[in-house]
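As C-alpha cells, the structure follows; a few thoughts come after it.
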Number of protein chains: 2
Amino acid sequence: MDATVKRKARPPKGTRVQPPRLAEPAHESDGAHLELRIWLRLLSCATRIEKALNARLRKEFNTTLARFDLLAQLARRPAGATMSEVSELLMVSNGAITALVQKLEADGMIHREVDSEDRRTFRLRLSQEGAKEFGRMARRHEEWVIALIGELSPVAQSDLLQHLTLLKRRLDKHT
Amino acid sequence: MDATVKRKARPPKGTRVQPPRLAEPAHESDGAHLELRIWLRLLSCATRIEKALNARLRKEFNTTLARFDLLAQLARRPAGATMSEVSELLMVSNGAITALVQKLEADGMIHREVDSEDRRTFRLRLSQEGAKEFGRMARRHEEWVIALIGELSPVAQSDLLQHLTLLKRRLDKHT
DNA sequence: TATTGTTATACTCTATAACTATA
DNA sequence: TATAGTTATAGAGTATAACAATA
C-alpha cells in the first residue's frame, strides 16, 4: 500500500532552495533534544512497520492488527481470558473490546462461555479453527517482521531490544 | 472465580529460569525470534507514548497528534507545502489530508493560497496565530516527551537513537 | 492524457456514558 | 452498592474510487 504515492514529480520550476531531505516526520529534528529525536524516530519506525503488517494481514487474511493482537493474547492463554482482562492487556476500553470480540466471534475465531461461578463474566477462548488460523497468521507475521527488522546485525538487534526494554520499564513506572 | 485472575499473581517461589516480566502484549515472546521481540517492544513503547501525547494534546489544546504533525511539517517549511507534499510526508492518502487540512483551516491554524503557477495546487502555510499556537504546543510536547523518555541515561538515549536510526534506514530501503 | 485535489462512501478503532444483569 | 459487560453514540483517521479542474 505504499510506494504508489505519485509525488515523485516535482514542479520543475520554482525558486525553492531547501536542501534535499529524507521524509522525516520531525519537528526541527536537528537541533532538538535527544528525547525528541528518539521519539520521532521511534514513531516513524513503528508506523512504518505497523502499516506494512496491517496491509499484509488485510490482504492475506482479511484481518487487522487489532484482531490479531487479541487472538495472540488468547493463544497464549489456553485457560482463556475475560473481557476485562483482554481490555487491560490490550490497553483498550471495554466497549471497544466488545466490538472486537463480536467480530471475531462472528468469524468463528473464538468462543465465549459463561463463567460457571460468576454469570456476569465470559471466558474467551480460541476456537479450534481460530487456533489453526491464528497459527497461520502468526507464522506469516513472524516472517514479515523478520524481513523488516532482520537486516540489522544480530548485535544491533540485541542492543536495540535491550534499550527498548529499558525504555518500556521506565514507561511502565511512569505511566 | 479464582479471585486473583491477574496474570501478575505467581507461585510464591520456584525454579524459574525466566526473568520476571511485566504484562507484555506478546505472542510467545520468550522463545521467539529476536526480531519479533523487538517489534513487540517497539510497538508497545510507541503506543504508550502516543496515547499519552494524544491525551494531553486533546486536553490542553483540543487537538490530536495527526494535526500536530501536519502543523509541524508546515512549521519547518516557511515556504509552505502542497497537499500532495504533505500527503507524502505524513504517509497518508490525499483524501485523508483534505480532511485534516479542512479542519485546521476551519480552526484558523493554516491558510492555503492558490499557487500562482499551477492553479491545481495550493500552498499551505501556518497562519500567524497558527504559528503561535503551534509554538505553544511544541513546547509542551517536548516537555512531555522529555519526561517520558528522559529517565534513560544519556548514554542509553544516544545508543537507542543510533539503533533506531539504523532501523529506519533499513526500512527506508526495504519498504 | 496525466496530475492535483475534492467528494462520497465506507470501514476500523476508539472513548464515553447510560444501561442491564448479576454479585 | 459495586462490578462485568453491552449498547448507543460520537468522532478521528484512514483508504478507495469516481470526479472536476487544470496542465
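Keep in mind the model is a prediction, meaning the values are calculated, not measured. In the text below, chain A, chain B and the rest are named by the order of the sequence lines, each starting its count at 1.
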Mapping B:A99 and A:T63 to their closest nucleotides on DNA chain C, which lands nearer the 5' end?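 In this pair, the answer is B:A99.
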
For the side chain of A:E88 and the backbone of A:E85, is there at least one donor-acceptor N/O pair under 3.5 Å apart? no

Just wondering, are more than 12 heavy atoms of other shown residues or ligands nearer than 6.0 Å to CD in A:E151?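 More than 12 heavy atoms, drawn from other residues, nucleotides or ligands, come within 6.0 Å of this atom.
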
How would you label the contact of B:I97 with the nucleic acid (heavy atoms, under 4.0 Å): base, sugar-phosphate, or nothing? nothing

How would you label the contact of A:T121 with the nucleic acid (heavy atoms, under 4.0 Å): base, sugar-phosphate, or nothing? sugar-phosphate

From [options], nucleotide with atom closest to [X] side chain:
X: B:F122; options: C:dG5, D:dT14, D:dG5; value: C:dG5
X: B:A66; options: D:dA15, C:dT14, D:dG13; value: D:dG13
X: A:S93; options: D:dG5, D:dA15, C:dA15; value: C:dA15

Counting only distance, no hydrogens or angles, is the base of C:dT22 paired donor-acceptor with the side chain of A:R119 under 3.5 Å? no

What verdict does the salt bridge (charged side-chain N to carboxylate O under 4.0 Å, His left out) test give for A:E143 and A:R140, after you've listed the backbone C-alpha separation in whole Å, the side-chain angles of each residue and the deciding distance to 0.1 Å? CA-CA 5 Å; A:E143 289 170 13; A:R140 292 292 285 145; 2.5 Å; yes

Between B:F68 and B:F61, ring centroids under 6.0 Å: no

Are any of the side-chain nitrogens in A:K103 or A:D107 under 4.0 Å away from the carboxylate oxygens of its partner?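 Result for this pair is yes, salt bridge flagged.
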
At how many degrees, to 10°, do the end axes of the helix from C:dG5-D:dC19 to C:dA23-D:dT1 meet when each uses five pairs? 0°

For B:E50, which residues count as a side-chain hydrogen bond (donor to acceptor under 3.5 Å, both in side chains) partner, sequence neighbours excluded? none

As a quick check of understanding, evaluate salt bridge (charged side-chain N to carboxylate O under 4.0 Å, His left out) for A:R48 and B:D172, giving each step before the final call. CA-CA 9 Å; A:R48 296 276 287 267; B:D172 281 338; 2.9 Å; yes

Rounded to the Å, how far apart are A:D118 CG and D:dA2 P?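 Between P of D:dA2 and CG of A:D118: 17 Å.
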
Separation of D:dG5 atom C1' from A:E85 atom CD, nearest Å, is 13 Å

Which residues in residues 106-114 of chain A have at least one heavy atom lying under 4.0 Å from any atom of DNA chain D?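 DNA chain D contact set from residues 106-114 of chain A: A:R112.
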
What's the separation between atom CG in B:N94 and atom OG in B:S84, rounded to the nearest 0.5 Å?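 If I round to the nearest 0.5 Å, the distance is 4.5 Å.
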
Looking only at non-hydrogen atoms, find the nearest pair between A:L70 and A:V101 and report the distance.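 Smallest heavy-atom distance, with atoms named: CD1-CG2, 4.1 Å.
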
